[in-house]
Amino acid sequence: LLLSVELLIRQLYLSSQMSWLKAASICGDDVFDENADEMSVMSKEWASNMKKRIRDGYVDGSDAGMEASLQVGFKQGYLEGAAMTAPVGRLKGMLSALYFWYQTKHPENPIPPSVTELLHRVSQYEDTIIDGTNKALEKPTPNVSSVSETMEELDLEQSVSGCCKEGCNDKECCKEAKKNDLNVTNTQENLSSGSSESLSCLLQECIELFSEFGLPQELIHHMEELKPM
Amino acid sequence: MSGANEDIFDSIVVAEESFRGEGYREGFDRGTHLGLQDGRRHGVSHGAKLSSEVSFYYGFAITWKCLLQLNNDVKSRKHLKILEAFLGLIQGCPHEDQPETLTEDIKKLRAKFRQVCSILGVSSDLKAFMKISEAMSF
């Protein structure tokens, strides 16, 4: 069936070409009037053929454009995504190491709750980021890329919570960060929705925790590196 | 007459090509836009997951390294060597530039991480571990 349809289209196309040619060559002759009906049919055929040309071109162009840009988009997004989780991933790794180190060193003691609690919060924070990118994948926004929005929000949130710099005494600054965060992004579903955490705050608490344990300064440096510029 | 016919044929072909070209350009723009968006979304998701894992390994390894450096016994030195190798693998992992070679790199990293964990005597099942810490703190 497909073949015959294709054949038919080809015939139609050819005949329209021929008739167009005929029309063009007889134009100006005194038999013109007799061909008036035929002419309108021909011009309709011509128009529909050209429409088909445009459509074919569009489909081919669309495929080619897609093919040419997917990889570029992926790489760009990859770097963005990597930057989103790199700091929190490192924090989680450092806290986990501390957790296990403590366990190995003091097998008789339970792990201090300050470690387990912070580890839990860091890993929850990371989950919200990753969930956010998964959501963007499931529900693509038709206009602006939601990813760029969430990226900006994340940056914003980090800079807003700069209050953590001077000793983050418990969760006061986290609340502040949340308040500001909600003010700015109340209409948007953002990465940290449902979470009161900010990276700066978690980072500061980690630094304090490591200092409390009297751990090497080098480790603190590895954390301070993660502070947003 | 045959010259005129050829001209007409030419103009038909030209017209068809130009219509097709017009559609193609429009389609190409649209396809490029969609491809960039789609690719980016997938890239962000992949990048976030993989960077989270690789950064975790990095944080884990540098912390253990620093802590083991506090000791000077043979065992710690042996463990340090393995950690150094692991860190080398992490830093050599081009997870930010070449997503193409990623699967292989990440497989190697995971294998090495399991080895590091077994030597340090800690659980390498991080998902289970995260659940434990969750259960303990709440």
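In what follows, chains carry the letters A, B, and so on, assigned in the order in which the sequence lines appear, proteins first and then strands, with residues in each chain numbered from 1. The model shown is predicted, which means the values in this text are computed figures rather than measured ones.
The candidate with the highest count of non-hydrogen atom pairs below 4.5 Å against chain B, out of A:Ala64, A:Ala68, A:Ala97, is A:Ala97. With respect to chain A, the highest number of heavy-atom pairs below 4.5 Å among B:Lys49, B:Glu53, B:Glu22 belongs to B:Lys49.
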For this session: Test B:Ser52 against A:Ile130 for side-chain contact (heavy atoms from CB on, under 4.5 Å), laying out the working first.
Result: CA-CA 9 Å; B:Ser52 138; A:Ile130 291 179; 4.1 Å; yes

For this session: Dump the intermediate steps for side-chain contact (heavy atoms from CB on, under 4.5 Å) on A:Trp101 and B:Leu68, then the final yes or no.
Result: CA-CA 9 Å; A:Trp101 176 78; B:Leu68 286 175; 5.9 Å; no

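Under a cut-off of 6.0 angstrom, the local environment of NE2 in B:His79 is crowded, with over 12 non-hydrogen atoms contributed by other residues, nucleotides or ligands. Under a cut-off of 6.0 angstrom, the local environment of CD in A:Glu67 is sparse, with at most 12 non-hydrogen atoms contributed by other residues, nucleotides or ligands.
The two residues B:Asp38 and A:Leu70 make their nearest non-hydrogen contact at CB-CD2, 4.0 Å. Contact record, B:Gly35 with A:Ser69: CA-OG, 3.2 Å, taken as the closest heavy-atom pair. Across B:Ser51 and A:Ala82, no two heavy atoms sit closer than the pair OG-O, 2.7 Å. Scanning both residues, A:Leu219 and B:Ile62, for their nearest heavy atoms gives CD2-O, 3.9 Å. Shortest non-hydrogen contact noted between A:Met84 and B:Val44 is SD-CG1, 4.0 Å.
A heavy-atom distance below 4.5 Å is not found between the side chains of B:Phe28 and A:Ser62. Side-chain contact check for B:Tyr24 versus A:Val59: every heavy-atom pair is 4.5 Å or farther apart. Counting heavy atoms from C-beta on, the side chains of A:Tyr58 and B:Arg25 never come closer than 4.5 Å. The side-chain heavy atoms of B:Thr32 and A:Met66, taken from C-beta on, include no pair separated by under 4.5 Å. Contact check for B:Leu67 versus A:Pro216: side-chain heavy atoms found under the 4.5 Å cut-off.
A:Ile54 CD1 to B:Arg20 CZ: the interatomic distance, rounded to the nearest 0.5 Å, is 11.5 Å. Taking CG of A:Asn134 as the start and CZ of B:Arg41 as the end, the distance is 12.5 Å to the nearest 0.5 Å. Atom CZ of B:Phe60 and atom CG of A:Leu98 lie 11.0 Å apart (nearest 0.5 Å). With rounding to the nearest 0.5 angstrom, the CE atom of A:Met94 is 12.0 Å from the OG atom of B:Ser55. Atom CD of A:Gln76 sits about 7.0 Å away from atom CG of B:Leu36, to the nearest 0.5 Å. Here the CH2 atom belonging to B:Trp64 is positioned 4.0 Å from the OG1 atom belonging to A:Thr104, to the nearest 0.5 angstrom.
At a 4.5 Å heavy-atom cutoff, the contact between B:Leu70 and chain A is made by side-chain atoms alone. With a 4.5 angstrom heavy-atom cutoff, B:Glu26 touches chain A via backbone and side-chain atoms both.
Aromatic rings from B:His46 and A:Phe74 are positioned such that their centres are separated by under 6.0 Å.
Electrostatic pairing of B:Arg40 and A:Glu80 counts as a salt bridge here, judged by a charged N lying under 4.0 Å from a carboxylate O.
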